[in-house]
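Chain A is the first sequence line, chain B the second, and so forth, proteins listed ahead of strands; every chain is numbered from 1. Bear in mind the structure is a predicted one, so any value in this text is a computation, not a measurement.
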There are 2 protein chains.
Amino acid sequence: MTINPRSHTPVYVQLAELLRSRVESGDLPPGASLPSESHLSQEYGIGRDAVRAAIALLRAEGVMTTTKGRGTWVRETPRRSDAELAPGGSAIARMPSSRERREMDLDEGVPVLEIHSPDGEVQIVPADQTRITRPQSA
Amino acid sequence: MTINPRSHTPVYVQLAELLRSRVESGDLPPGASLPSESHLSQEYGIGRDAVRAAIALLRAEGVMTTTKGRGTWVRETPRRSDAELAPGGSAIARMPSSRERREMDLDEGVPVLEIHSPDGEVQIVPADQTRITRPQSA
DNA sequence: CCGCATTTGTACGTATGTATG
DNA sequence: TCATACATACGTACAAATGCG
């Protein structure tokens, strides 16, 4: 698979699709590291900007994670633990603010769940580690 | 409030914080339009890159939305309708793939909810329009 | 319908800062 | 200390969408 600079689809989207398909096919399993930005830049003959944009796209989807000075990896999704929704309770999902992301140490592309108890208490938890459930019988 | 190019916090983060506080204070209410990128670039004496990075940050948080050729606005959050979680059902939140985002016409920074019925049916809905609930009494 | 100005999107280059090992 | 890799930030240029006259 190659990249066509004259296609109507942007170069960085093409690279993102290419990498995504490699992840989905299992060629790049969770935990696998990506070549460096400059390597990808040279390998595909595109600017480093385009490489960074592609990776940023995948990070925002929760597919990749990047550490400064080290590199980029296919994200390993953590196991989800069940959170039982209390009778009369509710929950919403949203993206965290920058501060919340920092304080909760969340990867990019990870939403949070706001779980509201009937008594007014609010709990904010990482959405990638949580599954909201309701038991069969009350 | 101004921007300090020699601060240890990146210029684009400073601008994002500045704009976020203007949103939170009500100075930029939902629906308000931002000055153009070149305008902000000149007003604060920073590069257009930095302006775009700041706005991208706020888009990823679901605070702003941008239309090519038109501009950027403070996002108006839609009303949430209640989705009652069935007994034995569950729900998770995650970011949509690019394709899902396109097909469901979702803004950046909007997660999706996967609602699983006990019979195995899966429903994918925009998280910004949905509130998961459980009634008081079964 | 056409052309124009405005605005955002893409893509390149360069330079320097900062984290990691 | 050093090489590597990602982050920030400036610049330029052109493409593409929009709205208006």
Side-chain angles (χ1 to χ4, degrees), chain A residues 2-19 28 31-60 63-75 98 101-102 105-109, chain B residues 2-19 28 31-60 63-75 98 101-102 105-109:
Chain A
T2 64
I3 286 179
N4 176 10
R6 263 177 302 292
S7 163
H8 59 283
T9 29
V11 168
Y12 79 95
V13 175
Q14 292 182 57
L15 177 57
E17 286 173 353
L18 191 155
L19 293 173
L28 284 173
S33 76
L34 242 61
S36 73
E37 294 175 354
S38 45
H39 183 100
L40 289 170
S41 170
Q42 288 175 13
E43 178 175 350
Y44 292 104
I46 61 181
R48 199 182 149 215
D49 262 21
V51 173
R52 286 181 58 74
I55 294 175
L57 201 62
L58 296 169
R59 269 202 309 268
V63 176
M64 305 268 185
T65 184
T66 299
T67 307
K68 179 171 171 176
R70 294 226 296 138
T72 299
W73 289 265
V74 180
R75 216 166 78 84
S98 292
R101 209 156 68 71
R102 206 169 39 243
D105 193 34
L106 298 172
D107 280 338
E108 269 184 74
Chain B
T2 65
I3 285 179
N4 176 11
R6 263 177 302 291
S7 165
H8 59 282
T9 27
V11 167
Y12 80 95
V13 175
Q14 292 181 58
L15 177 57
E17 287 173 353
L18 191 155
L19 292 173
L28 284 173
S33 76
L34 241 61
S36 73
E37 293 174 355
S38 46
H39 184 100
L40 289 170
S41 169
Q42 288 175 11
E43 178 175 350
Y44 292 103
I46 62 182
R48 195 184 152 210
D49 263 19
V51 172
R52 285 182 59 76
I55 293 174
L57 200 61
L58 296 170
R59 269 201 309 266
V63 176
M64 304 268 185
T65 185
T66 299
T67 307
K68 178 170 171 179
R70 295 227 296 138
T72 299
W73 289 264
V74 180
R75 216 167 78 85
S98 292
R101 209 155 69 70
R102 206 172 36 246
D105 193 34
L106 298 171
D107 281 338
E108 270 185 73

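- Screening A:Ile3, A:Thr2, A:Val11 for a side-chain contact (heavy atoms from CB on, under 4.5 Å) with A:Tyr44, the sole residue that qualifies is A:Ile3.
- In plain terms, the two heavy atoms of B:Ser33 and B:Leu28 that are nearest each other are O-CD2, 4.5 Å.
- Mapping A:Pro5 and B:Ser38 onto DNA chain C via the closest heavy atom, the residue that lands nearer the 5' end is B:Ser38.
- Residues B:Leu40 and B:Pro35 approach most closely at CD1-O, 3.7 Å, considering heavy atoms.
- One atom, CZ of B:Arg6, and another, C1' of C:dT16, lie 15 Å apart when rounded to the nearest Å.
- In the set C:dA19, C:dT10, C:dG9, C:dA19 carries the atom at the smallest distance from any side-chain atom of A:Lys68.
- The nearest whole Å value for the distance from the CD atom in A:Glu108 to the P atom in D:dC6 is 14 Å.
- Among the heavy atoms of the strands lying under 4.0 Å from A:Gly69 is at least one base atom, whether or not backbone atoms are also near.
- In terms of modelled atom types and a separation under 3.5 Å, the side chain of A:Ser41 and the main chain of A:Ile46 share a donor-acceptor contact.
- Of the candidates C:dG9, D:dA9, C:dT7, C:dG9 carries the atom nearest the B:Thr66 side chain, counting heavy atoms from C-beta on.
- Checking A:Gly71 against B:Thr9, the closest nucleotide of DNA chain D that is more toward the 5' end is the one next to A:Gly71.
- The line from CG of B:Leu58 to CD of B:Glu17 is 10.0 Å long, rounded to the nearest 0.5 Å.
- Side-chain nitrogen and oxygen atoms of A:Arg52 include at least one within less than 4.0 Å of the OP1 or OP2 phosphate oxygen of D:dA7.
- Along DNA chain C, the nucleotide nearest to B:Arg59 and the one nearest to A:Ser41 differ in position, and the one closer to the 5' end is contacted by B:Arg59.
- Distance A:Asn4 CG to C:dT10 P: 16 Å, rounded to the nearest Å.
- Rounded to whole angstrom, the span from the CD atom of A:Glu37 across to the C1' atom of C:dA11 amounts to 15 Å.
- Direction of the helix axis in the helix from C:dC2-D:dG21 to C:dG21-D:dC2 shifts by 20° between the two five-pair termini, rounded to 10°.
- In this structure, A:Leu57 places its CG atom 12 Å from P of C:dA11, rounding to the nearest Å.
- OP1 or OP2 of D:dA9 has not a single side-chain nitrogen or oxygen of B:Tyr12 nearer than 4.0 Å.
- Protein atom NE2 of A:His8 is 23 Å distant from nucleotide atom P of D:dC14, rounded to whole Å.
- The two atoms that bring A:Ala50 and A:Tyr12 nearest to each other are O-CB, 3.3 Å, heavy atoms only.
- Regarding B:Asp49, its CG atom lies at a distance of 15 Å from the P atom of C:dT14, rounded to whole Å.
- Atom OG1 of A:Thr66 is separated from atom CG of A:Leu34 by 8.0 Å, given to the nearest 0.5 angstrom.
- For B:Arg48 and D:dG11, the shortest distance from a side-chain N or O to OP1 or OP2 is not below 4.0 Å.
- When all heavy atoms of B:Gln14 and B:Ser7 are compared, the closest pair comes out as NE2-CB, 3.5 Å.
- Summarising the geometry, the separation between OH on B:Tyr44 and P on D:dA9 is reported as 15 Å, rounded to the nearest angstrom.
- An OP1 or OP2 oxygen of D:dG19 is reached within less than 4.0 angstrom by a side-chain nitrogen or oxygen of B:Arg70.
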